[in-house]
Number of protein chains: 2
Amino acid sequence: MSKNKKRSSGRRSDHTREEIQELTLVAAEQIVEEEGLSGLSARKIATAIGYNVAMIYHIFSNLDDLILHVNARTLAKLYVTLQHASSKCRSPRTCLITVSHSYIDFAQENRNLWNMIYEHVLPNDVSKPAWYQSKVDKMFILIEELIEPLSENLNNRQIEQAAQTLWCGVHGICILTMTKKLDFDVKEMKSLSESLINNYLTGLLNNS
Amino acid sequence: MSKNKKRSSGRRSDHTREEIQELTLVAAEQIVEEEGLSGLSARKIATAIGYNVAMIYHIFSNLDDLILHVNARTLAKLYVTLQHASSKCRSPRTCLITVSHSYIDFAQENRNLWNMIYEHVLPNDVSKPAWYQSKVDKMFILIEELIEPLSENLNNRQIEQAAQTLWCGVHGICILTMTKKLDFDVKEMKSLSESLINNYLTGLLNNS
DNA sequence: ACCTGAACACCGTTCAAGT
DNA sequence: ACCTGAACACCGTTCAAGT
């Protein structure tokens, strides 16, 4: 009788701890891709990987921790994408445009995973682990390296501020459009960000 | 015995339907202010107003609908705040800066309510009701009226695009800072948005 | 050591039934 | 007509217990 159940209980050792972690993250990514953050649950992941829910809590400290790991993977993919885009353009100025287009494309192609980075909020009392924050910081270095060659008159603080302003601006266009907070068409995102980058850079180079 | 319970069951008619709706929204606002969207639940609201959970569902079609009503009230407050800020400044340019500061202040002073506007996502198959969308549209008219007098050379499409780009840009600075997605200090928000507006407008007026 | 069953304290939502 | 009790189908999280 009980042999008809897949397993009774107790040890299995089908997979190492690392394998289960990988299985969990991949399963979580698939659920989020299909149903978004609100469709994700520990129980759903457990079913997908064929383990009991409690197993999830032996590997991650809680759902927030698990989501942070998924988000870190998405950030790593985004970084590779942006880096690739930044490596094959002529002038710094067109390069910034190209990278912004690449960000916008990534957001559209990875809708739910991209969105989860921003939709997920950590409880007020916990802060981001360093391994996560460093993935974010890398992005800004990429942008700063594109702004620096624009003019010899820019000091480090100005370059940093320009990178931050443009990143936030392109992100603002993207997030408000993708989450339908404003009724912009997705096709308008690129022209808005071109308007942002072109006018901002003209102003920056004129004023310095 | 049963007289010790506040009420047994059945009709009460302590409040009209409109009063209960108001009580519900006010209770929801208070919970969100204190605990954020994740702390909000229909059961908690019901307890706060002294009714059964099911009552909530006789007044709102579901939690999403209720949240939309709270968000509409927040948007209305934001509109009044921005309008007030825009009415008392000298030049269009300083006025745009003043309004952006006002937006940033509002976000900080109404953290959780402001954040809920963006954190809450409607299910994919439902779209925003018209009465909600019109509250958003009013904001853009405000911004466009500040951009228009900047130059006679701007056509309507350019004014619209400038309003959208600047709104998205200031919002991007604000949301990424407030949600701690980037480790910016809240004090930096205003200087970043000034950098955005000043350089963008210089570029816009130079290029047209 | 690896893994699970079962519990605890919550959810959103519905609807037959009570006054 | 107004309002609720009780149910249904879910959650996240924990931990004693089974192999």
Report task. Let me know the distance between CZ of B:F60 and P of C:dT14, rounded to the nearest Å. Result -> 15 Å

Query raised in the report: Considering residues at least two apart in sequence or located in another chain, which fulfil the side chain to side chain donor-acceptor pair (under 3.5 Å) criterion with A:W167?
Result: none

Query raised in the report: Is B:K77 paired with B:E109 through a side-chain N to carboxylate O contact shorter than 4.0 Å?
Result: no

Query raised in the report: For B:H58 and D:dC3, are the ring centres under 5.5 Å apart with planes inclined under 30°?
Result: yes

**Report entry** Spacing between A:Y51 atom OH and C:dC2 atom P, to the nearest angstrom
**Finding:** 11 Å

**Report entry** Secondary-structure notation, DNA chain D, from Watson-Crick and G-U pairs under 3.5 angstrom (| other strand)
**Finding:** ||.|||||...|||||.||

Query raised in the report: Side chains of B:Y51 and B:H15: donor-acceptor distance under 3.5 Å anywhere?
Result: yes

Query raised in the report: Out of D:dG5, D:dC3, C:dT4, which has the shortest distance to the side chain of B:N52?
Result: D:dG5

Query raised in the report: Using the P atom in both, what is the distance from C:dA9 to D:dC10, to the nearest Å?
Result: 22 Å

Query - Length of the CD1-C1' vector between B:I20 and D:dC3, whole Å - result: 9 Å

Query raised in the report: A:E33: what forms a salt bridge (charged side-chain N to carboxylate O under 4.0 Å, His left out) with it, not counting sequence neighbours?
Result: none

Query - With sequence neighbours excluded, residues passing side chain to side chain donor-acceptor pair (under 3.5 Å) with A:K44 - result: A:E35

Report summary line: A:L23 atom CG is separated from C:dC3 atom P, nearest whole Å, by 11 Å

Query raised in the report: So, A:Q158 side chain and A:N155 main chain: donor-acceptor pair closer than 3.5 Å or not?
Result: yes

Query raised in the report: Expressed in angstrom and rounded to an integer, what is the separation of A:I49 atom CD1 from C:dC2 atom C1'?
Result: 13 Å

Query - Expected output: side-chain A:T179 to main-chain A:I175 donor-acceptor under 3.5 Å - result: yes

**Report entry** Whole-Å distance separating the CD1 atom of B:I56 from the P atom of D:dT4
**Finding:** 10 Å

Query raised in the report: Tell me: NE2 of B:H15 to C1' of D:dA1, nearest whole Å?
Result: 17 Å

Query raised in the report: Do A:Y103 and A:H171 get their side chains close enough for a donor-acceptor pair, meaning under 3.5 Å?
Result: yes

Query raised in the report: Can you list the residues that meet the side chain to side chain contact (heavy atoms under 4.5 Å, CB included) rule with B:K135, with sequence neighbours excluded?
Result: B:A72, B:L75, B:A76

Could you list, one pair per line, each protein nitrogen or oxygen that sits under 3.5 Å from a nitrogen or oxygen of nucleotides 10-13 of chain C, together with the distance?
| residue | atom | partner | partner atom | Å |
| --- | --- | --- | --- | --- |
| C:dG12 | OP1 | B:A42 | N | 3.2 |
| C:dG12 | OP2 | B:A42 | N | 3.2 |
| C:dG12 | N7 | B:R43 | NH1 | 2.3 |
| C:dG12 | O6 | B:R43 | NH1 | 3.2 |
| C:dG12 | O6 | B:R43 | NH2 | 3.4 |
| C:dT13 | OP2 | B:Y57 | OH | 2.7 |
| C:dT13 | OP2 | B:L63 | N | 2.9 |

